[in-house]
Amino acid sequence: MSRADRSSGHGSAAHEVGRRRFLGYVLAAPTLVAAAEIGQAPPAAAGIPSPEITEILDLNDLMTVAALPTSGLITVEVRPDGTVSFALPRAEVGQGITTSTAMLIAEEMDVPLERVRVSLADARPELLFNQLTGGSNTTISTYVPIRVAAAVARTRLLRAAAAEFGTDVAGLTLKDGTVTGPGGRRLGIGKLSAKAASISPERVSVQLKTPDEFTVIGRPQRRVDAVEAVTGRKKFAMDLDVPGALPTMVCRPPTINGKVGPVANRAEVRAMPGVTDVVDISTGVAVRAETFGQCIDAVRALRVSWRPGTAEGKSDQSVLRRLRDVEPPLGLPPVTPHVEGFFTFQFRSNSALEPNCAVADVRNGRAEIWASLKSPIVARQTIAAKLGLPLHAVDVHVTEGGGSFGRKLFFDAALEAAEVSQRTGKPVKLMWHRADDSRQGRTHPMATSRVRAAYLGDTVLSYRQRHTSVSTDLGHGLGEIITSLAARLPVGDIGFSETFFQLSQSMPYEFGVNSRLLAETDKSFNTGSMRNVYSPDVTCARELIVDRLAARMDKDPYAFRHDFLKDRRARAVLDKVAEAGDWGRTMPPGTAQGIAFHNEYHAHSAVLVEIDCRPETVNRPIRDGVAGPRVTKVVLAVDVGLTVNPRGLEAQMMGCVMDGIALTLTSSLHLRDGHFLEASWDNYFYTRQWNTPRELEIIVMPSTTDEPGGAGELGVAASMAAVACAYGRATGSMPTTFPINHGTLSFEPKPTVPPVPESPTDGLRHAR
């Protein structure tokens, strides 16, 4: 069987989900509590039958395997009021996983969706690697365990009802949270909760529903938290009312990771209105006051002598030179015809919409932390070590977050809040300023990609890619997963980043002998795993080269991709966007279509873009910004195997499109003399209304497997690549530096001292 035929599932076992029997447990508790029992995953294959490691094991598989041993510790509880509660060991940061999780429970238990309560679990060290949110892995790794736990609960409720009715389970039905027995007798699951409970753990065998029985999974659902979000009732970290926790901000150095020197006016600032504390911490000088406005005034007033930072004197140009120096060689050029390209990707901000923030109360030998955390176990361990406290003396509560895109894998704010609280002996509510996150926060590393593809006639003989990047920090938990499973990985003895790279990248085309290598250098920057990590840059470079290959072979870019794609699911999404987007239609000069493909984590996406690069569009006036080209139309098709919530998936892909436009056209940080010039969203140009497509269509393909694939990050790479390809076709010149407007600085940089810029006072002048 070919890989193209096998890939309709995740492997031979994929089609068995929903048909196999599973074992679970009823746990000892006053009310019904059920858990899954998932066996150990088989060891990874020892041999590598092809160059594509991801056909054997990819990063998502690795994360799922790491989570399996503790899946039985995830429990579903039926409460006396008839609701079902579940503490999700992942972070909800706007991606909608509380909704999809509630759908899984509602499906297997036959209860109304509105009666399922999904909260976020506190840091639970016993979960090991089962409490890390990233890599589009949440739905994949929890899909079976949550359903099994729910099915165990359902089975137990039916048995309790059978005993109550004096009948056999076969004569009962459970629907909408009510069990109906002979003669129409009815009992709600709340009344059965105590009867279904157990005084000691009991093993239970259950059979999950098959896809043809689904009534909730696969049906579009609005978010379970939608009303709370739009009415302002949703609680984020800064909304929490922790007794005594006062606003706190940090005065930060003018260069990246600079250190605190003497403070000339500490007593003067301490005497300012509302200020309660001014203390030095490892990252700056912290100010605690009655309001955030008073914190800002105090931060701006501080006069600190700063010591050099880790990136002192560095600039875009010096970092780029360093990347070129360490780039792995491609080898001698082939004797056959070939195409080659060198691409540069600038630093990009990893800021989320919600400012970086946390609440901490460190007193009397104990610490309690509240924050939106995607790696709470590692955060708890690090905070305990920083404070010099035993692990059991530190409690970490996970709050919902307003965006992340990888940013909340890191817990800088929580660590700072704990340090400030310990130094002052008082609770704090710490929040970063927007300038803090742009200049001192996590950034997507600057990178380069060199690509060479050799061909002869209608055949692509080889494809080589050498991706070189500023080092990506994987100290948030993924590195530990890789280390713990290293002996079982088919990648040999290579480092964290190279393993991550090899297990997340793949070649979807029949391009002969292909190889990809990552080289990383320079650990002086605060980097992070921004949405889709390496894939947007790697895929963008690849798809631009694919367009050049198509041109050299005198083939249409869409037809070329279709002919060379290995997988029928891949061809299906590509065909769908070409059809829906009217690929090949006649367009005015200076405008063009672009098309691109990306697959990752058992899922596939294709994007068709139309772009306007005519002078009247490129040169249109934009206040304090660079207008540049405008994407006018986007069609995205996505196949994630089994779709749990099509509406949520559609929303995810819309966000991916906006990310892709930003990465290609507008979004970057400018490094000069050891600091980034951008100081907030007003001069960091994520996709705005003026470059949002007027036409946007998301097509969710019918389910092609019985299990879900990764969805959260999937559409970013294809969107970025499609915009780049469209730009190249519209201008007649392949873009090689991203974003394309990086060379034009459209704003006057704000000073780094004081670190918090003065608040704008001219907003009304720009109101429309």
Side-chain angles (χ1 to χ4, degrees), residues 1-22 38 41-42 45 52 54-65 67-68 71 97 100-101 103-104 107-108 135-148 151 207-220 503-504 506 508 565-576 597-606 636-650 652-653 698-715 718:
M1 183 183 294
S2 70
R3 171 62 185 171
D5 293 330
R6 292 199 312 270
S7 63
S8 59
H10 302 185
S12 60
H15 299 288
E16 299 303 318
V17 172
R19 298 178 175 85
R20 294 195 306 246
R21 280 200 165 273
F22 288 86
I38 309 296
E52 286 306 304
T54 53
E55 295 183 11
I56 305 168
L57 180 79
D58 69 13
L59 182 67
N60 212 298
D61 296 327
L62 180 66
M63 296 177 70
T64 302
V65 168
L68 279 175
S71 293
I97 57 174
S100 57
T101 296
M103 291 173 67
L104 300 181
E107 181 69 77
E108 288 298 337
S136 300
N137 181 252
T138 294
T139 302
I140 290 178
S141 64
T142 64
Y143 179 70
V144 172
I146 290 174
R147 290 180 62 203
V148 170
Q207 184 164 338
L208 302 183
K209 288 184 178 181
T210 57
D212 61 314
E213 297 174 298
F214 290 164
T215 59
V216 180
I217 295 175
R219 307 295 194 272
L503 295 182
S504 63
S506 63
L565 280 171
K566 302 176 184 178
D567 186 288
R568 63 174 179 269
R569 289 173 61 194
R571 292 191 292 273
V573 294
L574 187 75
D575 293 345
K576 180 58 71 174
F597 171 82
H598 177 68
N599 65 311
E600 195 166 353
Y601 306 149
H602 314 299
H604 302 262
S605 65
L636 183 151
V638 56
D639 174 359
V640 296
L642 182 144
T643 302
V644 175
N645 184 6
R647 183 170 295 172
L649 178 59
E650 183 179 0
Q652 287 273 38
M653 294 304 106
I698 307 297
I699 301 169
V700 177
M701 303 290 281
S703 292
T704 51
T705 71
D706 290 348
E707 282 189 294
E713 306 170 312
L714 178 67

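One finds the CD atom of Glu213 at 8.5 Å from the CD atom of Glu108 (value rounded to the nearest 0.5 Å). Within the model, atoms CG of Asp706 and CG of Asp212 stand 9.5 Å from one another, a figure rounded to the nearest 0.5 Å. In this structure, the separation between CG on Leu503 and CE on Met63 is 11.5 Å, given to the nearest 0.5 Å. With rounding to the nearest 0.5 Å, the separation of CD in Glu713 from OG in Ser504 is 9.5 Å. To the nearest 0.5 Å, atom CD1 of residue Ile146 and atom OG1 of residue Thr138 are 9.0 Å apart. Between atom CG of residue Asn137 and atom OG1 of residue Thr64 there is a gap of 4.0 Å, rounded to the nearest 0.5 Å.
In this structure, the side chain of Arg571 engages the main chain of Leu565 through a donor-acceptor pair within 3.5 Å. At distances below 3.5 Å, at least one donor-acceptor pair connects side-chain atoms of Asn60 with backbone N or O atoms of Ser136.
Between Leu208 and Val148 there is a side-chain heavy-atom pair separated by less than 4.5 Å. Using a 4.5 Å heavy-atom threshold, the side chains of Thr705 and His602 count as separate.
When all heavy atoms of Val573 and Ala570 are compared, the pair lying nearest together is CG2-O, 3.1 Å. When every heavy atom of Gly218 is checked against every heavy atom of Met103, the shortest pair comes out as N-CE, 4.4 Å. Here the closest non-hydrogen pair linking Ile140 and Gly710 is CD1-N, 3.3 Å.
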Check your understanding: Hey, mind stepping through Leu104 and Ile217 against side-chain contact (heavy atoms from CB on, under 4.5 Å) and telling me if it holds?
Key -> CA-CA 7 Å; Leu104 300 181; Ile217 295 175; 3.7 Å; yes
Exercise for review: In sequence, state the C-alpha distance, the side-chain angles, and the governing distance for Gln652 and Leu714, and then conclude on side-chain contact (heavy atoms from CB on, under 4.5 Å).
Suggested key: CA-CA 9 Å; Gln652 287 273 38; Leu714 178 67; over 6 Å; no
Can you list, pair by pair, the side-chain donor-acceptor contacts under 3.5 Å of residues 640-650, counting residues two or more places apart and other chains?
residue : atom : partner : partner atom : Å
Asn645  : OD1  : Gln221  : N            : 2.9
Asn645  : OD1  : Arg647  : N            : 3.3
Asn645  : ND2  : Gln221  : O            : 3.1

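For Glu107, the salt bridge (charged side-chain N to carboxylate O under 4.0 Å, His left out) test picks out Lys209, with sequence neighbours left out. Partners of Glu600 under the side-chain hydrogen bond (donor to acceptor under 3.5 Å, both in side chains) rule, at least two apart in sequence or in another chain, are Asn532, Ser535, His598.
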